[in-house]
Amino acid sequence: MSSKTDDGGISRRDLFGSTAKLAALAGMAAAGGGIASVVGGSASASESKQAYEVQPGQLDEYYGFWSGGQTGELRVLGIPSMRELTRIPVFNRCGATGWGRTNESLKILTEGLLPESKAFLKKQGMLTFENGDTHHARPSYTNGTYDGRYLYVNDKTNARVARVRLDIMRVDKITQIPHALGVHGLRLQRYPKTGYVFCNSEFRTPIPNDGKILDDYHKYKCVYTALDGETMKVAWQVLVDGNLDNTDADYAGKYSAATCYNSPEGVTLEQMTNKERDWAVVFNLKAIEAAVQQGEATMMSGVPVLDGRKAARSNFTRYIPVPTSPHGCNATPDGKYFVANGKLSPTVTIIEWAKLDDLFAGKIKEEDAIVGQLEVGLGPLHTTFDGRGNAYTTLFLDSQIVKWNIDDAIKAYKGDKTVKPIRQKLDVQYQPGHNNATMAETHEADGKWLVSLNKFSKDRFLNVGPMKPNNDQLIDISGDEMVLVKDDSAFQEPHDATLVRRTLINPIEIYKRDDPMFADAVAMAAKDKVDLLNDSKVIRDGRKVRVYMTSVAPKFGLSSFKVKKGDEVTVVVTNIDDVVNLTHGFNMTGYGLSMEISPQATASVTFTADRVGVYYYYCHQFCHALHMEMQGRMLVEA
Ligand code: K7E
Ligand code: CUA
């Protein structure tokens, strides 16, 4: 597994010794030692340069897309107010929308599963996985900035990627990635557009994972996946060494990169961290595409797979040595560099995209692609940018954000002793993971606001029991100094957030009747010769019963319907109100059913009428003064 580049090039002075490394790990587990003092001047005395209060009735300047972590959902916030505007159900179940229970959502949650998952779930009596773990949510790009079409998000637990339609803020496709357990890092192709959704599978496994190889972990493999963001089908996979963590792409459509830990390819903590170097793996997209087109890939599970492991000596990958266990991988908005964040090493490593041409051509060595390595503090996890040449790195162990200048860091690495790249360190409360600044992952980075997503809140909020909220802090970065302006509590666990100028996101207010979300229900109604906007009627088809009804405040089109015990019943509700904000709901008592029907939408749900008696359905959205009266009865005869 060793290679000449493993220990080449970089000064050892920036590395932790192995003792300090384990102490750092212990610190991570125990929420750090204490609160670090402010280095390089406290900002607490400074005033925010911008208004951060958004007055009642005023609108925010940015959308913030928050991953919902272990809840499996997404959240949409307004920035700078930090008001939570909505939630988007993704991998979770949601009573407000019926996500995970309606026919429309179940189709999306099941159709992209791998055959082996479908078979497994069936035996468990489940239709789909019922949890998810979202870490990285990113809106789609055209020419290096957000285009408002889609947003993609990973499920680390079940190796899925979901696509959200930003016009309705609902998921429309979910794909499970083959040969992967735990899709963690996710970033998008920026140029010419998205394009690829790059997915890191974090855990090494036998491929195929069919039980023939179990404990022989040297035979495990890891894949880097490019999903086609339009078709949501896997375009290709590349086998890599080590465990992939985070990923990012350039601004030219030529390369992507991933941080990679566990170069010793162990399975215990000691084994995984027993080397001083891991890698930033870089991927040559053109070489990969050419090989796939020429049929050089092995087809596995219907997906072309190429070997980009070191031993294969391919032109698909290069392994740039960086200090052990790097974490965040962040491309600078000027398109020139990406930064690998040290985590166990107190450094960030700056790698120049343009040097990759020479690297893949064999003209330079791996370590020569590195143009800077700056000591920033303890536990650097993620870096964001202000578009003015500065970078902001979270220091998990120091509980700080460190602001540093990219050009100065490069000069210092070249030996210039006159520059001081570190501009400021600001305490945050506490243990930050990701941070992100407004538009920072586009060529339009504008350096106004930064959010620090802190894992621990300890003393910052009223005590809510042993499990505390996270603390998402808003920081003004528009001036020379960072100024902390706001705390915002968050339920577990918003790993990451993206801040997007509001003019780039343009959701609709009322559904169009030809929306693909409910195309199946519309087609079913057409077969039944039902006009969804006008008809409310029951159609019996053997033991299948289809109940069509309209909803218009404050009435359902049917005040009752009758079925027989054991019938398979499909209720289809169409909201014919053509009024902004006038959403109705449909809940069936005793049957565990709930769904949202927004203006001009159709929603449907199927169940077996196994409980005899009288059951009420009611509208669950307070839609009218007579909302309580918006109800009807399902009569189930024995
Ligand atoms: Cu650092 Cu999953 Cu992006 Cu958490 S990851 S923090
Ligand atoms: Cu419709 Cu309440």
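Counting starts at 1 for both ligands and their atoms, in listed order. The figures that follow rest on heavy atoms only: side chains count, while hydrogens, waters and symmetry mates do not.
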For the side chain of Q189 and the backbone of T194, is there at least one donor-acceptor N/O pair under 3.5 Å apart? no

Given 3.5 Å as the limit, does a donor-acceptor pair link the side chain of E276 with the main chain of T324, or not? no

What orientation do Y196 and F198 show, parallel under 30°, tilted 30 to 60°, or perpendicular over 60°? tilted

Applying a heavy-atom cut-off of 4.0 Å, say which part of N246 lies close to ligand 1: side chain, backbone, both or neither. side chain

With a 4.0 Å heavy-atom cut-off (strictly under), which part of K455 contacts ligand 1: side chain, backbone, both or neither? side chain

Tell me which one of V161, L188, N246 satisfies side-chain contact (heavy atoms from CB on, under 4.5 Å) with H136. N246

What is the SG(C619)-atom 1 (Cu) of ligand 2-SD(M630) angle, to the nearest 10 degrees? 110°

Any carboxylate oxygen within less than 4.0 angstrom of a Lys/Arg side-chain nitrogen, looking at D155 and R160? yes

Evaluate the side-chain contact (heavy atoms from CB on, under 4.5 Å) criterion for residues D496 and N436: first the C-alpha distance (whole Å), next the side-chain angles of each, then the deciding distance (0.1 Å), finally the verdict. CA-CA 8 Å; D496 194 6; N436 219 327; 4.1 Å; yes

For atom 4 (Cu) of ligand 1, what is the closest protein heavy atom, and at what distance to 0.1 Å? H495 ND1, 2.1 Å

Element-labelled atoms of ligand 1 that are located less than 4.0 Å from some non-hydrogen atom of [X]:
| X | answer |
| --- | --- |
| H184 | 2 (Cu), 5 (S) |
| H382 | 1 (Cu), 3 (Cu), 5 (S), 6 (S) |
| H136 | 2 (Cu), 3 (Cu), 5 (S) |
| H327 | 1 (Cu), 5 (S) |
| G433 | 6 (S) |

For N131, is the CG atom crowded, meaning more than 12 foreign heavy atoms sit under 6.0 Å from it? yes

Would H584 and H627 count as a ring pair (Phe, Tyr, Trp, His ring centres under 6.0 Å) if you check the C-alpha gap in whole Å, the side-chain angles of each, and the deciding distance to 0.1 Å? CA-CA 9 Å; H584 296 291; H627 151 79; 8.7 Å; no

Can you tell me if, anywhere in C623, an N/O/S atom lies at a distance from atom 2 (Cu) of ligand 2 that is smaller than 2.8 Å? yes

For atom 2 (Cu) of ligand 2, decide whether Y618 has an N, O or S atom at a distance under 2.8 Å. no

Ring pair (Phe, Tyr, Trp, His ring centres under 6.0 Å) between Y251 and Y141, intermediate numbers included: CA-CA 10 Å; Y251 280 75; Y141 291 87; 7.2 Å; no

Under 2.8 Å from atom 1 (Cu) of ligand 2, is there an N/O/S atom belonging to H627? no

Looking only at N, O or S atoms, find the one in H584 nearest to atom 1 (Cu) of ligand 2 and name it. ND1

